[in-house]
Visitor: 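Starting off with a structure, shown below.
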Amino acid sequence: MNSLTPLWRGARAAGLAAVATAAAFLAQPVKAEPVKLAVQSAWPLTLPASGRDAQHFADTINAASGGDVAIRLYNAGALVPSLEIFDAVQRGTLDAGYTSPLYVAGKFPAVQLFGGVPFGPDAVGYVGWLYNGGGLDIWREIYAAQGVVSVPCGLMAQEAGGWYKEPIETVDDIKGLKLRFAGLAGEVMKKMGASVVLLSGGDIFPNLERGVIDGTEFSMPAIDKQIGFDQVAKNYYLPGWHQPAAINELIINKTKWDAMTDSQRGLIELTCRETMLWGLTSTYVENAEAIDAFKANGVEIRQFPPEVLSAFEAATAEVMQEQAEANPEFARVWESLSAFREKAGSWENLRD
């Protein structure tokens with residue numbers, strides 16, 4: 001035997017061990033780079049539901065991710081005006097925003113159907129359509145063409161019907177009023193003869209106080225109380241025909257989203273789902289307390305007369321038909337939602 005054989009065998013064994021070690025190292029999953037997202041809320045972070053949901057999402061994912069996904073959350077208006085969040089995310093000057101699809105109704109009419117629909121489904125039905133009826137898939141297709149990804153991230157139950165300086169007792173009482181309404185409900189109010197303006201949350205109170213507008217819808221009682229609408233209007237209508245449920249969204253620049261790992265995207269999705277449940281339940285008692293406080297402050301809690309509600313419903317049907325005829329994407333979304341509700345009709349109708 002050659003005297004070099006043991007050395008050769010030893011070198012060969014060492015080489016094989018080194019290769020095995022390198023292969024084992026390469027087989028280990030490479031730790032992903034942490035994701036850092038600058039996120040601006042469309043609402044003050046102390047505002048029940050909308051603003052607090054944004055804060056809850058940020059706090060929860062920062063604690064759960066171990067630094068893998070880091071959210072730096074900014075208050076409403078800190079970086080851009082609330083109604084310009086979508087544009088900033090689209091351009092990439094803002095990583096992400098916590099906002100409402102209703103705020104881009106003028107640009108993308110179809111996405112209004114994801115934010116709240118007059119005489120539409122309740123909160124459970126809405127989420128059912130998004131995740132089990134194909135709604136979210138269509139929503140993301142629409143936004144993808146704009147370089148934006150949407151993650152449903154806030155869920156609210158039925159909103160109030162709004163605040164009015166004077167009672168609404170007949171259809172004629174609406175004609176000529178200057179009202180703040182958003183989305184499809186605004187189009188309905190136009191058909192009812194009102195003059196409609198879209199104002200961000202912080203601009204509503206001063207305009208109502210100064211008489212620039214005669215009435216407004218905004219949100220649920222807990223939110224309306226914090227804004228202080230009961231200080232300047234004394235007619236409060238419940239429930240809200242225009243929004244039986246409302247969904248807010250986390251929108252993320254698509255380039256930023258695509259650069260994440262599956263686990264990072266999955267963590268964002270799961271945290272948003274948890275935020276929806278948290279948000280839906282967080283104001284349950286607060287809404288009741290707000291109603292009691294309104295009454296103590298001299299507010300009349302009213303319901304729209306049946307003839308007015310019937311007129312709203314008829315006008316809503318006209319708006320939906322017109323929107324569908326004018327915009328193929330709107331028609332596609334409306335058909336999807338309508339088909340889902342029809343399938344669930346036997347159950348949904350019994351729950352009303």
Side-chain angles (χ1 to χ4, degrees), residues 100-123 125-126 129-130 133-135 138-139 142 158-164 166-199 213-219 237-247 302-345 348-349 352:
S100 168
L102 297 180
Y103 287 176
V104 290
K107 295 182 179 181
F108 316 110
V111 303
Q112 298 172 91
L113 295 168
F114 300 109
V117 181
F119 300 98
D122 64 9
Y126 230 142
W129 169 57
L130 287 179
I138 303 175
W139 191 355
I142 294 171
Q158 192 163 40
E159 295 193 346
W163 296 88
Y164 294 85
E166 300 294 334
I168 304 297
E169 297 177 346
T170 69
V171 171
D172 288 339
D173 290 336
I174 299 173
K175 295 177 181 178
L177 293 182
K178 294 174 295 220
L179 304 176
R180 184 273 182 190
F181 264 78
L184 294 165
E187 297 303 313
V188 172
M189 280 302 198
K190 289 177 185 177
K191 282 193 172 293
M192 301 291 291
S195 175
V196 176
V197 296
L198 176 61
L199 300 170
I213 56 176
D214 302 305
T216 181
E217 61 79 31
F218 189 58
S219 193
Y237 282 81
L238 294 168
W241 58 272
H242 68 292
Q243 215 157 326
I247 294 179
R302 301 179 181 274
Q303 291 185 329
F304 291 109
E307 68 170 271
V308 175
L309 280 175
S310 294
F312 285 152
E313 194 163 10
T316 296
E318 292 180 20
V319 167
M320 295 303 184
Q321 182 176 347
E322 291 169 359
Q323 294 277 340
E325 291 174 352
N327 188 294
E329 285 187 338
F330 188 99
R332 181 188 178 198
V333 179
W334 181 235
E335 288 169 6
S336 173
L337 177 56
S338 299
F340 180 81
R341 295 189 73 192
E342 184 176 351
K343 289 179 182 178
E348 185 175 283
N349 294 336
D352 288 343

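Note that the structure is a prediction, hence the values are computed from the model and not measured. Just so it is clear, the values below take in all heavy atoms, side chains as well, and ignore hydrogens, waters and symmetry mates.
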Visitor: Give a yes or no answer on whether the side chain of Tyr237 reaches the backbone of Glu217 with a donor-acceptor pair at less than 3.5 Å.
Guide: no

Visitor: Is it true that Phe114 and Trp129 have ring centroids separated by less than 6.0 Å?
Guide: yes

Visitor: What I'd like to find out is whether the side chain of Pro101 reaches to under 4.5 Å of the side chain of Trp139, using heavy atoms alone.
Guide: yes

Visitor: Is Lys190 salt-bridged to Glu187, going by a charged N under 4.0 Å from an acidic O?
Guide: yes

Visitor: Please determine whether the number of non-hydrogen atoms from other residues, nucleotides or ligands lying under 6.0 Å from atom CD of Glu325 exceeds 12.
Guide: yes

Visitor: Where the side chain of Asp214 meets the backbone of Lys178, is there a donor-acceptor pair that is under 3.5 Å apart?
Guide: yes

Visitor: Which heavy atom of Ala245 sits nearest to which heavy atom of Ala123, and what is that distance?
Guide: CB-N, 3.4 Å

Visitor: Compare every heavy atom of Arg302 with every heavy atom of Pro167, then report the nearest pair and how far apart it is.
Guide: CG-NH2, 3.8 Å

Visitor: To the nearest 0.5 Å, how far apart are NZ in Lys175 and OG1 in Thr170?
Guide: 8.5 Å

Visitor: Looking at Glu166, I'd like to know if its CD atom is crowded, meaning that more than 12 non-hydrogen atoms belonging to other residues, nucleotides or ligands lie closer than 6.0 Å.
Guide: no

Visitor: Of all the heavy-atom pairs spanning Glu159 and Ala246, show the shortest one and how long it is.
Guide: OE2-CB, 3.8 Å

Visitor: Between CZ of Arg180 and CD1 of Ile213, what distance do you get to the nearest 0.5 Å?
Guide: 8.0 Å

Visitor: Counting C-beta onward and ignoring hydrogens, is there a side-chain heavy-atom pair between Gln323 and Asn327 closer than 4.5 Å?
Guide: no

Visitor: Carefully, step by step, assess Ile174 and Ile168 under the rule side-chain contact (heavy atoms from CB on, under 4.5 Å).
Guide: CA-CA 7 Å; Ile174 299 173; Ile168 304 297; 3.8 Å; yes

Visitor: Could you tell me whether the side chain of Gln158 reaches within less than 4.5 Å of the side chain of Asp122, counting heavy atoms only?
Guide: no

Visitor: For Ala331 and Ala324, work out which heavy atoms get closest and say how close.
Guide: CB-O, 3.6 Å

Visitor: Mind listing the closest non-hydrogen atom pair of Leu179 and Ala194 along with its distance?
Guide: CD1-CB, 3.7 Å

Visitor: From the options Trp241, Phe181, Phe119, select the one residue that forms a ring pair (Phe, Tyr, Trp, His ring centres under 6.0 Å) with Phe312.
Guide: Trp241

Visitor: Which heavy atom in Gly133 sits nearest to a heavy atom in Ser336, and how many Å separate them?
Guide: O-OG, 3.7 Å

Visitor: Between Gln243 (side chain only) and Gly116 (backbone N and O only), is there a donor and an acceptor less than 3.5 Å apart?
Guide: no

Visitor: Output, in order, the C-alpha distance, side-chain angles, deciding distance and verdict of side-chain contact (heavy atoms from CB on, under 4.5 Å) for Leu177 and Met192.
Guide: CA-CA 10 Å; Leu177 293 182; Met192 301 291 291; over 6 Å; no

Visitor: Output the distance between atom CD1 (Ile138) and atom CH2 (Trp334), rounded to the nearest 0.5 Å.
Guide: 13.0 Å

Visitor: Given side-chain contact (heavy atoms from CB on, under 4.5 Å), test Ile142 with Arg332 step by step and report yes or no.
Guide: CA-CA 11 Å; Ile142 294 171; Arg332 181 188 178 198; 5.7 Å; no

Visitor: Measuring only between side-chain heavy atoms, which start at C-beta, is Leu238 closer than 4.5 Å to Gln303?
Guide: no

Visitor: Could you walk me through whether Met320 and Leu113 pass the side-chain contact (heavy atoms from CB on, under 4.5 Å) check?
Guide: CA-CA 10 Å; Met320 295 303 184; Leu113 295 168; 4.2 Å; yes

Visitor: Above 12 or not: heavy atoms from other molecules or residues under 6.0 Å from CD of Glu318?
Guide: yes

Visitor: What's the spacing between Glu322 CD and Phe330 CZ if we round to 0.5 Å?
Guide: 10.5 Å

